[in-house]
Amino acid sequence: MTANNEGKKWSEIPIGGVVDRPGSSEDYKTGEWRDSRPIHIPEKCINCMICWSVCPDCAVVGKDGDFKEFNYDYCKGCGVCAEECPVDAIKMEEEGDFPNSVEEKK
Ligand code: SF4
Ligand code: SF4
C-alpha cells in the first residue's frame, strides 16, 4: 500500500473538502490572505451601500442603512468594493503598510 510523506496510508488520511459541521466559516479568519486593504473615505461616501451588496465575503458592515466599517477579519482584499463604488470612496492600499490596523499605518 502506498504511504504519504507522513507515513499514512491513503485510507488513513481524512477526506478533504468536507464541511463537517454547520456555521464553521466564522472560525476561519480569511482576512489573513489579504495583500490589499480597502480604505473608506467618508467625505466622499454617499452611503449607497453598493459595496455591501457586492462584497463576496460579507466584509462590509453597515449600520442604520449607512456604511459603518470593513470587517478586516474576513476581507480578502479583492477590490470589488473599490471598483464598484460610484464615487471612489474606497481606495485599495498595500496590506504590508498596515502591520495591525488602519490607525497603525507605518
Ligand atoms: S459603494 Fe462607495 S459610496 Fe456607496 S456606501 Fe460603499 S463606500 Fe459609500
Ligand atoms: S476588498 Fe473585497 S472582500 Fe474586502 S470588503 Fe471589498 S469587496 Fe469585500
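For reference, positions follow the sequence shown, starting with 1. Both ligands and their constituent atoms are indexed starting at 1 by order of listing. Hydrogens, waters and symmetry mates are skipped; everything else that's a heavy atom, side chains included, is used.
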Counting non-hydrogen protein atoms only, what is the nearest one to [atom]? Give residue, atom name and distance.
atom: atom 5 (S) of ligand 1; value: Met49 N, 3.1 Å
atom: atom 4 (Fe) of ligand 1; value: Cys48 SG, 2.3 Å
atom: atom 1 (S) of ligand 2; value: Gly79 N, 3.2 Å
atom: atom 2 (Fe) of ligand 1; value: Cys85 SG, 2.3 Å
atom: atom 8 (Fe) of ligand 1; value: Cys45 SG, 2.3 Å

Discussion item. Salt bridge or not between Arg37 and Glu93? Use side-chain N to carboxylate O under 4.0 Å.
Written reply: no
Worksheet item: Between the side chain of Asp66 and the main-chain N/O of Asn47, is any donor-acceptor distance below 3.5 Å?
Response: no
Discussion item. Any side-chain to backbone donor/acceptor pair from Asn71 onto Asp73? Under 3.5 Å, distance only.
Written reply: yes
Discussion item. Does only the side chain of His40 get under 4.0 Å from ligand 1, or the backbone, or both, or neither? Count heavy atoms.
Written reply: side chain
Item to complete: Report the part of Ile46 in contact with ligand 1, treating N, CA, C, O as backbone and CB onward as side chain, heavy atoms under 4.0 Å; options are side chain, backbone, both, neither.
Response: both
Worksheet entry | Stacked cation flag Arg34 on Tyr72, 6.0 angstrom / 45 deg | no
Practice prompt. Determine how many protein N/O/S atoms sit closer than 2.8 Å to atom 8 (Fe) of ligand 2, leaving waters out since they are not shown.
Written response: 1
